[in-house]
Amino acid sequence: MKRQKVDAWLVGVAPGESLVEYLAGGPANGESLDASDSPGSRHPADLQVQVGLRGLDADRRIAPYSNLCAVLTSRRLLIANLGGAWGARPKDLLQEAPRGGFLCEWWINDVSEAPSAAYFNAVFRFRDGAWAALGCATKLLGRTVAAAADAERFVAALGADGTQIDWRPTGS
């Protein structure tokens, strides 16, 4: 997704705010939320496994079957679904929170499913109990893709609103 499309969308939904960073991704890697449509590994690094471990209310999940875009401004986070017939762009504003009013837990999944793929995974938790999850491929078929740099910039922009989690089991 091109930055210009995010900038143009932001003018309509958050006049006067400027884009800091954004990240687009899908709702699943390592299986669907209920594991009904994939014979995946159920590895601890899979997005849906980590979602399950958090005990989040499935009814409060924001657009569980949609690709999402997380947009950071200096003042807030906006979660939008994606649309666009000619290239992805943010579509509908689904959730927003001021900086300090949400937490993004993120991690890199570079060990499950396909060994030649890696994913940046994030779970966004809001004070009202709503939450969103997205994963974006950062490496496919052994090659680093553009989303890897997008994810790095997004994490840097999160600051205190983000925390990296360690999905690896402690001691055995």
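From a predicted model like this one, the values you see are computed outputs, not experimental measurements.
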_Criterion side-chain contact (heavy atoms from CB on, under 4.5 Å) on E21 and R3, from CA distance to verdict_ = CA-CA 9 Å; E21 285 301 334; R3 188 176 187 93; 3.7 Å; yes
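- Annotation: side-chain hydrogen bond (donor to acceptor under 3.5 Å, both in side chains) contacts of E105 (sequence neighbours excluded): R54, R125.
- Between W167 and L53 there is no side-chain heavy-atom pair separated by less than 4.5 Å.
- Residues forming a side chain to side chain contact (heavy atoms under 4.5 Å, CB included) with V11 (at least two apart in sequence, or on another chain): none.
- Hydrophobic clustering (ILVMFWY, side-chain heavy atoms < 4.5 Å, transitive): L23 and L77 are in one cluster.
- Here the closest non-hydrogen pair linking G12 and P15 is O-CD, 4.4 Å.
- By the criterion of side-chain heavy atoms lying less than 4.5 angstrom apart, applied directly or through intervening Ile, Leu, Val, Met, Phe, Trp or Tyr residues, L82 is not grouped with Y65; the two fall into different hydrophobic clusters.
- The two residues T138 and A151 have their closest heavy-atom pair at CG2-CB, 4.4 Å.
- Nearest heavy atom pair, residue A45 against residue V111, reads CB-CG2, 4.3 Å.
- For the pair R89 and W9, the minimum side-chain heavy-atom distance is 4.5 Å or more.
- By the salt bridge (Lys or Arg N to Asp or Glu O under 4.0 Å) test, E17 is found to be paired with R75, R76, residues two or more places apart in sequence or in another chain being considered.
- N109 places a side-chain heavy atom less than 4.5 Å from the side chain of D46.
- Contacts classified as side chain to side chain donor-acceptor pair (under 3.5 Å) and involving residues 140-151 (residues at least two apart or in different chains) are given here: D150-R153.
- Y119 and V145 are not part of a single hydrophobic cluster, where members link through side-chain heavy atoms under 4.5 Å apart.
- Clustering ILVMFWY residues whenever any of their side-chain heavy atoms sit less than 4.5 angstrom apart, transitively, puts L47 in the very cluster that holds L56.
- Each of I79, L78, L10 was checked for a side-chain contact (heavy atoms from CB on, under 4.5 Å) with L93, and the lone residue meeting it is L78.
- Here the closest heavy-atom approach between residue V51 and residue A133 is recorded as CG2-CB, 3.9 Å.
- The minimum heavy-atom distance linking V20 with S74 is given by the pair CG2-N, 3.4 Å.
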*Report the C-alpha separation of F126 and I62 in whole Å, then their side-chain angles, then the decisive distance to 0.1 Å, and conclude whether the side-chain contact (heavy atoms from CB on, under 4.5 Å) test is met.*
CA-CA 11 Å; F126 299 92; I62 299 164; 3.7 Å; yes
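- With sequence neighbours left out, R168 forms a salt bridge (Lys or Arg N to Asp or Glu O under 4.0 Å) with D166.
- Side-chain atoms of T163 and C104, non-hydrogen and from C-beta on, never get closer than 4.5 Å to each other.
- Side-chain contact between V123 and Q50 is absent, with no heavy-atom pair separated by less than 4.5 Å.
- Minimum heavy-atom separation, S66 to N81: CB-CB, 4.4 Å.
- Residues that satisfy the side-chain hydrogen bond (donor to acceptor under 3.5 Å, both in side chains) test with Q164, not counting sequence neighbours, are absent from this structure.
- Residues passing the side-chain hydrogen bond (donor to acceptor under 3.5 Å, both in side chains) test with R99, sequence neighbours excluded: D161.
- Partners of N67 under the side-chain hydrogen bond (donor to acceptor under 3.5 Å, both in side chains) rule, at least two apart in sequence or in another chain, do not exist in this structure.
- Partners of V6 according to the side chain to side chain contact (heavy atoms under 4.5 Å, CB included) rule, which considers only residues two or more places apart in sequence or in another chain, are M1, L19, Y22, V71, P90.
- Within 6.0 Å of the NZ atom in K91, the count of heavy atoms belonging to other residues, nucleotides or ligands does not exceed 12.
- Under the ring pair (Phe, Tyr, Trp, His ring centres under 6.0 Å) criterion, W106 pairs with F120, sequence neighbours left out.
- Taking Ile, Leu, Val, Met, Phe, Trp and Tyr as hydrophobic and joining them when side-chain heavy atoms fall under 4.5 Å apart, one finds L141 isolated, its cluster having no other members.
- Atom SG of C136 sits about 8.0 Å away from atom CG of N121, to the nearest 0.5 Å.
- Each of F154 and L103 belongs to its own hydrophobic cluster when Ile, Leu, Val, Met, Phe, Trp and Tyr are linked at side-chain heavy-atom distances under 4.5 angstrom.
- Under the side chain to side chain contact (heavy atoms under 4.5 Å, CB included) criterion, R60 pairs with D57, D128, A130, W131, not counting sequence neighbours.
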